[in-house]
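A, B, ... follow the sequence lines: proteins, then strands. Residue 1 opens every chain. Keep in mind the model is a prediction, meaning the values are calculated, not measured.
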Protein chains: 2
Amino acid sequence: MISVQEKLKEKGLKVTPQRMAIYNAVVKLNNHPTVENIVDSIKIEYPSVSVGTVYKVLNVLVENGLLRKVKSEKDIMRYDAMMEHHHHLYCNATDRIEDYEDMQLDTLVKDYFNRKKIKGFKIQEVKLQITGNFTT
Amino acid sequence: MISVQEKLKEKGLKVTPQRMAIYNAVVKLNNHPTVENIVDSIKIEYPSVSVGTVYKVLNVLVENGLLRKVKSEKDIMRYDAMMEHHHHLYCNATDRIEDYEDMQLDTLVKDYFNRKKIKGFKIQEVKLQITGNFTT
DNA sequence: ATGCCTAAAGATAATCATTATCTTTTGAGA
DNA sequence: TCTCAAAAGATAATGATTATCTTTAGGCAT
């Protein structure tokens, strides 16, 4: 598992405490935090952090493949540190979003679209948006 | 096929020319128009239309099950007049979004999740977000 | 280790989609 | 036709995100 520092260097980006803190916050918060969540979390360590910086850093991390954007029902952006192919469980009752990995399902879908092509469209990725309710 | 007028009356909503025009614009534009697209389209018939009104009407139509919101990669809301269960094809190159209906696929997915439950989660709907490129 | 230089952080203003507010207009039942 | 609440129009406000400008600090060369 390659570290954040290494990934940043690889891309020619400077390793700064803010970038580390923001990345780690997304990993730690882990349930697809909003910018607000991230700012709150970081304020504990870095009370002086600027909101603009958080936005900038998040964009840099997304552009360089360290984080992903996740769009929720509301029009606030959320972030995900899980970079492998996966699906999302959306809760109807709350705004909770959880990652869902299922290679068996991926195979099923892949096979299906290998057999049945969509005419006029070349598929690159298929992601499932599973809505429902958490029972726990 | 029940008409828009009837649907509005059914819900106790007044039938106004603006509501008709906005609904018809979404149907006519058909490729998941943005509010801007809709306003432009309507300005031809109703040059005096207010943008605020378009937003309000769209929200009313969504709340009453006449339209759906579709979120795109950008953070601008788009609208869809297709109310039946369906999936979306997202183009990587352009911002084109197309509806995709596939009952065979729906059956496959439904059967899969009937056999393999997600623990701690009750599924209500599964929608596929198919990204790729239009070849036409 | 020190200095230099550019990238990044901080602070603040600006933007832009969307919503709220308030007044005027109008659909539709009596 | 009259009435009245609901809807439209106009405009201001909001709130997330981006841009701008100044200050700070990584990190490479000396």
Could you tell me how far apart [X] ([atom1]) and [N] ([atom2]) are, to the nearest whole angstrom?
| X | N | atom1 | atom2 | answer |
| --- | --- | --- | --- | --- |
| B:L8 | C:dG29 | CG | P | 13 Å |
| A:R19 | D:dG27 | CZ | P | 9 Å |
| A:I22 | C:dG10 | CD1 | P | 8 Å |
| A:K14 | C:dT6 | NZ | C1' | 5 Å |
| B:I76 | D:dT17 | CD1 | P | 14 Å |
| B:K56 | C:dT23 | NZ | P | 14 Å |

Side-chain N or O of [X] less than 4.0 angstrom from OP1 or OP2 on [N]?
| X | N | answer |
| --- | --- | --- |
| A:T53 | C:dA8 | no |
| B:Q18 | C:dT26 | no |
| A:S50 | C:dT12 | no |
| B:Y55 | C:dT18 | yes |

Report task. Looking at every strand, decide which applies to B:V51 at a 4.0 Å heavy-atom threshold: base, sugar-phosphate, or nothing. Result ->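 Nothing, no heavy atom under 4.0 Å.
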Query raised in the report: Is it true that the side chains of B:D106 and B:H87 contain a donor and an acceptor less than 3.5 Å apart?
Result: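 The criterion, which ignores hydrogens and geometry beyond distance, is satisfied for B:H87 and B:D106.
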Report task. Classify the side-chain pair A:H32/A:N37 by whether it contains a donor and acceptor separated by less than 3.5 Å. Result ->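 There is no such pair (donor and acceptor under 3.5 Å, judged by atom type) between the side chains of A:H32 and A:N37.
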Query raised in the report: With A:Y55, which residues qualify under side-chain contact (heavy atoms from CB on, under 4.5 Å), at least two apart?
Result: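 Per chain and number, A:Y55 pairs via side-chain contact (heavy atoms from CB on, under 4.5 Å) with A:V35, A:V51.
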Query raised in the report: Between the base of D:dG27 and the side chain of A:K9, is there a donor-acceptor distance below 3.5 Å?
Result: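 Side chain to base: no pair present.
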Query raised in the report: With a 4.5 Å heavy-atom cut-off, do A:E98 and A:F134 have their side chains touching?
Result: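 Sidechains of A:F134 and A:E98: in contact.
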